[in-house]
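Here is how names work: the chains are called A, B, and so on, in the same order as the sequence lines, proteins then strands, and each is numbered from 1. Side chains are part of it too, since the values below use all heavy atoms of this structure and drop only hydrogens, waters and symmetry mates.
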Amino acid sequence: QKEVEQDPGPLSVPEGAIVSLNCTYSNSAFQYFMWYRQYSRKGPELLMYTYSSGNKEDGRFTAQVDKSSKYISLFIRDSQPSDSATYLCAMKSGANSKLTFGKGITLSVRP
Amino acid sequence: DSGVTQTPKHLITATGQRVTLRCSPRSGDLSVYWYQQSLDQGLQFLIQYYNGEERAKGNILERFSAQQFPDLHSELNLSSLELGDSALYFCASSVALGATITGELFFGEGSRLTVL
């Protein structure tokens, strides 16, 4: 079993839809949870960061962590064509630990 | 622009050959990480250097090696190339030993390697 599993894609939604992206993990030591966004032909860039369990909101994006279920989610409200990208979840156990990434899911938002 | 520079952007070579990928981290960043990204495996951690010293190893093949130079730039050497080595190779950097407390690594735009 891989340490981090991410829903396979691709995912295509109409503009304005609510998008839910999910990852599960097996390592209970993970405490720091991130979502990276990767546009085509670019490197990943940090989108959201959450420590431990709970929700975090940033504009149209909400990151949710449920440590008891070892499950994290990223919600995108009012999705826009500019949100079309690959989204990768990432997590680590300690402040100086290496990041472990999910495989990523490619999202396409149709105008 | 993340501030991380990778060269070359694209590379096409034949099986059995050797290539070198180069990375210049963000100004002031001491840690350099190398990742391999393929469709079936996703983003796989290869190796990390901090201030010239190897600090962590991931799924790096014995045919691959890396180093970080005194000016902090890094090179990833891939030898005896196989078709399966075709992938995007990313370099990332951070100031500290690990990613920042927020988990932020700064990625370059990658080097796309095609082995024919």
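Inspection of non-hydrogen atoms places B:Gln37, B:Leu39, B:Asp40, B:Gln41, B:Gly42, B:Leu43, B:Gln44, B:Phe45 of residues 36-45 of chain B under 4.5 Å from chain A.
The shortest side-chain heavy-atom distance between B:Asp85 and B:Phe64 falls under the 4.5 Å cut-off. With a 4.5 Å cut-off on side-chain heavy atoms, B:Leu105 and B:Tyr35 count as touching.
Among residues at least two apart or in separate chains, salt bridge (Lys or Arg N to Asp or Glu O under 4.0 Å) pairs with a member in residues 72-86 of chain A are A:Glu57-A:Arg77, A:Arg60-A:Asp83.
The hydrophobic cluster around B:Leu116 extends to B:Ile12, counting ILVMFWY residues whose side-chain heavy atoms fall within less than 4.5 Å of a member. Clustering of Ile, Leu, Val, Met, Phe, Trp and Tyr by side-chain heavy atoms under 4.5 Å joins B:Phe69 with none of the others.
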(message) Is there a side-chain contact (heavy atoms from CB on, under 4.5 Å) between B:Ser2 and A:Glu45? Walk through the geometry before answering.
(response) CA-CA 8 Å; B:Ser2 68; A:Glu45 57 181 357; over 6 Å; no

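No part of A:Gln6 comes within reach of chain B, as not one of its non-hydrogen atoms sits under 4.5 angstrom from that chain.
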